[in-house]
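Structure record follows, encoded as structure tokens.
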Protein chains: 2
Amino acid sequence: MSSTISDIAKIAGVAKSTVSRYLNGGSVGDKTRKKIEQAIKEAKYTPNPFAQSLKAKKTNIIGTIVPRLDSYASSQTLIGIDEQLKRLNYQMLISNTSQSLEREIESIYSFANQKMAGIILLATEITEQHIEAFEAVKVPVLLIGQEHPEIHSVIHDDFHAGYAMGHYILEKGYRDIAYLGVTERDIAVGVKRKHGFKKAMEEVQQDCHVHYYETEFNIPAAQAKAREIIHDHQPPIFVCATDNIALGVLKAAYAEGLSIPKDLAVTGFGGYEVTEIIHPSLTTAKFFYQEAGETAAKHIVELVNERSVEKLTISKFKIIERESVDINLKHGI
Amino acid sequence: MSSTISDIAKIAGVAKSTVSRYLNGGSVGDKTRKKIEQAIKEAKYTPNPFAQSLKAKKTNIIGTIVPRLDSYASSQTLIGIDEQLKRLNYQMLISNTSQSLEREIESIYSFANQKMAGIILLATEITEQHIEAFEAVKVPVLLIGQEHPEIHSVIHDDFHAGYAMGHYILEKGYRDIAYLGVTERDIAVGVKRKHGFKKAMEEVQQDCHVHYYETEFNIPAAQAKAREIIHDHQPPIFVCATDNIALGVLKAAYAEGLSIPKDLAVTGFGGYEVTEIIHPSLTTAKFFYQEAGETAAKHIVELVNERSVEKLTISKFKIIERESVDINLKHGI
DNA sequence: GATAAAAGTGGAACCGGTTCCTATAATGTG
DNA sequence: CACATTATAGGAACCGGTTCCACTTTTATC
């Protein structure tokens, strides 16, 4: 079926080493070059990547480990990585772990075994086992979304996004605030976003009540928690640590017959596409996933080629003002 | 770094052919088995997949071509394929074409070159070039979402979904209907969904007005088109060929100050996650993407192993009743 | 216990490339 | 024009597996 380098050599009447040299830009004479080019065209030759990788002991593939495929952040990040890698003549191979940390570890070893040039991990949590695996495989690794002192990473500016969001709602006049966060095991979302927000809260001079709650990442859990809080003491605003949590709050609000943003304001973090589709649209801190993916791709390729890269890169964010916050409130001021 | 089969052979004091035989379930003596097992454990040996693929002239990887990563249908389908392939000890490799038909063709050839065992294509449109490529590469191919007489495929039941949706809204009492479809170049969505719907319309005895319009797949285009139609003649219901189009219609409705479903009812097709998150939630025909992906994975593996598979498999659907249709309308009856 | 069949093992070739080494041809230098 | 360089080409070894073949050792059969 598909032809080999020996076939080409035979057709062109040269040695296969010469064909290889031609393909890899070594010195070949004019006549020989012509003959080989002709033969390659004729036989529609393309090199067998396995033979190449076998010899090179290395591929041009970057393994990308992703906890889930069905999230806006994941797909956007993957798109960014993919586009950039294509430009750099690398390939992306995705391993979906369905949110299993165990599968994540397996994937690291499996990628190393498959001689991936590098590994990008869309990280949620970095455990001891991760570090162990990274050290064992000796393949360049880059994290997206979480940071670690020993590993290169591209993160979103969670702290400042939290701070900016806090600042924003204070400026709009809110002084009684419910912050709906997540577990502190998640450093980026659970800790840094909240700390940024807290800092903004601390800077306010006036009397200001902030209650901190904790829920899960999924919509139904957030909805249930929000319902509970609304029944307990109805705050005028929910600042949610993720867009999904905000969506849960919105559902709870509808169920309780509250009007957004008049009775209840809501904000999120993420900038998911759905936040602008819904009505009322959601005020949120938008992160640039695709851009972060591109940066990650650039960096991992640098690392693969043993060039130096700053250990930590912080991707930017932007507060998107939409309809879920009452911008004419100015009460309490 | 990583050890080879020869290392194992040396450590165990046997020939490498024996080690290979051991690994592939050939006949090996008891003592030899023990020694080899010991050696493998000691050296942490795992076979080099490139050497294996080089010899086998084949991989256990299924190449999956997907027009876009950031769509609910895509990610769900990919998840289904991936899960099933993992169970069958195959791997999935994704090629994202960013909706470029040209890249789609390239990917087919590239997958063949990389000796993929089979190819799954999440299809939007099948051109002559596709067929040509499929014939040229001689690799088993399976389509999801579109059908073709010459190629195995798993499709959604677009015709009956269209029919059921038509039936459903007639039953709810609607008699003046706007159908917002897409180009007929898309056989599944543009032709079959619409035909099913038309058939339901034709079966009604009473006087019934149906207008057919055409728009693009994206939300802004649908929104603009809907706005136009509303201004022109305000129908009580929009039946939209996809959930995204329905979302566009909802946006247009909000902009015009119409209340859903009282002033305007809306339905979609797809069953995207967002349709149940929004308020009011969207009545839609849900397809089972993940399931279809699993079926596709099962079938491509059968094809790879040269077993026979029915040429066409039709995945099921379900009408999901939600809030965007007024179920107490019963007017005109 | 002789003989046939089966099980176990090693050696060598092969998959399709790359690369090192050596030999020859083409060029440059004084 | 003799001699030193340099460009070009071929041969062989190698990457890490699998498989075929031949040979030896067990085991089964009567």
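Residue numbers start from 1 in every chain, and the chains themselves are labelled A, B, ... in the order their sequence lines are given, proteins ahead of strands.
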**Message:** Students often get this wrong, so: under 4.0 angstrom with heavy atoms, is A:Y45 touching a base, only sugar-phosphate, or nothing?
**Reply:** sugar-phosphate

**Item:** Residues B:E104 and B:S100: side-chain donor-acceptor under 3.5 angstrom
**Value:** no

**Request:** Sequence neighbours left out, what pairs pass ring-ring contact (aromatic ring centres under 6.0 Å, His included) with at least one residue falling in residues 51-105 of chain B?
**Result:** B:Y72-B:Y272

**Prompt:** Within this structure, what is the NZ-to-C1' distance between B:K58 and D:dG17, rounded to whole angstrom?
**Reply:** 17 Å

**Item:** Annotated protein contacts, base or backbone, on nucleotides 8-15 of chain C with a non-hydrogen cut-off under 4.0 Å, one of B, S, - each
**Value:** BBBBB-BB

**Prompt:** For B:E310, which residues count as a side chain to side chain contact (heavy atoms under 4.5 Å, CB included) partner, sequence neighbours excluded?
**Reply:** B:H299, B:T313

**Request:** Not counting sequence neighbours, which residues clear salt bridge (charged side-chain N to carboxylate O under 4.0 Å, His left out) with B:E291? List them please.
**Result:** B:K316

**Request:** Using atom OH of A:Y22 as one end and atom C1' of D:dA7 as the other, report the distance to the nearest whole Å.
**Result:** 18 Å

**Request:** Could you check how far NZ of A:K34 sits from C1' of D:dT8, rounded to whole Å?
**Result:** 16 Å

**Asked** Can you tell me how far P of D:dG17 sits from NZ of B:K10, to the nearest Å?
**Response** 13 Å

Pairs of donor and acceptor atoms involving the side chains of residues 48-58 of chain B, under 3.5 Å and at least two apart or interchain, shall be tabulated with distances.
{"unit_1": "B:N48", "atom_1": "OD1", "unit_2": "B:F50", "atom_2": "N", "d": "2.7"}
{"unit_1": "B:N48", "atom_1": "OD1", "unit_2": "B:A51", "atom_2": "N", "d": "3.3"}
{"unit_1": "B:S53", "atom_1": "OG", "unit_2": "B:P49", "atom_2": "O", "d": "2.9"}

**Prompt:** Would you say B:Q52 reaches D:dT18's phosphate, i.e. side-chain N/O to OP1/OP2 under 4.0 Å?
**Reply:** yes

Contacts table for residues 8-30 of chain A: side-chain donor-acceptor under 3.5 angstrom, sequence neighbours left out:
{"unit_1": "A:S20", "atom_1": "OG", "unit_2": "A:N24", "atom_2": "ND2", "d": "3.4"}
{"unit_1": "A:Y22", "atom_1": "OH", "unit_2": "A:E37", "atom_2": "OE2", "d": "3.2"}
{"unit_1": "A:N24", "atom_1": "ND2", "unit_2": "A:S20", "atom_2": "O", "d": "2.8"}

**Request:** Take the C1' atoms of the five end pairs on each side of the helix from C:dG1-D:dC30 to C:dG30-D:dC1, get both axes, and report the angle to 10 degrees.
**Result:** 20°

**Request:** Please identify each residue that fulfils salt bridge (charged side-chain N to carboxylate O under 4.0 Å, His left out) with A:E83, with sequence neighbours left out.
**Result:** B:R103

**Request:** Give the rounded distance in Å between these two atoms: CG of B:N60 and C1' of D:dG17.
**Result:** 15 Å

**Item:** Pairing residues for A:K34 by the side chain to side chain contact (heavy atoms under 4.5 Å, CB included) criterion, not counting sequence neighbours
**Value:** none

